[in-house]
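Worth knowing before you read on, the calculation uses all heavy atoms, side chains too, and leaves out hydrogens, waters and symmetry mates.
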Amino acid sequence: MVWNPAEILAKARELWDVRPGDLIFTGTPEGVGPLQPGDRVEATIGGLQTLRFTVRPR
């Protein structure tokens, strides 16, 4: 990433009213492609249940 999380949050606070629970999406790093059928995804956020899924064909 070009900026670290603290820098991203500081800039977001300059532009918007950032509150606890807000999500800040930063985009996809260079070289990362779209998800494909069969890909498995696991996402965690401290204190919340883990989200897990497998991408299915359309």
Side-chain angles (χ1 to χ4, degrees):
M1 288 179 28
V2 176
W3 298 287
N4 67 46
E7 293 170 319
I8 294 169
L9 183 56
K11 187 61 176 180
R13 286 181 170 156
E14 289 177 18
L15 300 170
W16 305 289
D17 181 22
V18 179
R19 297 178 182 223
D22 286 349
L23 300 176
I24 300 172
F25 294 91
T26 60
T28 304
E30 183 178 346
V32 175
L35 293 172
Q36 301 294 325
D39 287 347
R40 296 179 67 174
V41 176
E42 182 173 312
T44 58
I45 298 175
L48 298 178
Q49 187 175 19
T50 299
L51 170 68
R52 292 182 183 96
F53 64 91
T54 301
V55 178
R56 294 183 357 195
R58 289 183 169 228

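- Every residue was checked against the salt bridge (Lys or Arg N to Asp or Glu O under 4.0 Å) condition with E30, not counting sequence neighbours, and none meets it.
- The nearest pair of heavy atoms linking T54 to R40 is OG1-CG, 3.6 Å.
- Separation of atoms OG1 (T44) and CZ (R52) is listed at 9.0 Å; rounding is to 0.5 Å.
- Taken from CD in E42 to CZ in F53, the straight-line distance is 11.0 Å, to the nearest 0.5 Å.
- Here the CD1-CZ distance, from I24 to R13, works out to 8.0 Å after rounding to the nearest 0.5 Å.
- L51 and V41 fall within a single hydrophobic cluster, where Ile, Leu, Val, Met, Phe, Trp and Tyr side chains are chained together by heavy-atom contacts under 4.5 Å.
- Take D22 and apply the salt bridge (Lys or Arg N to Asp or Glu O under 4.0 Å) test, not counting sequence neighbours, and it matches no residue.
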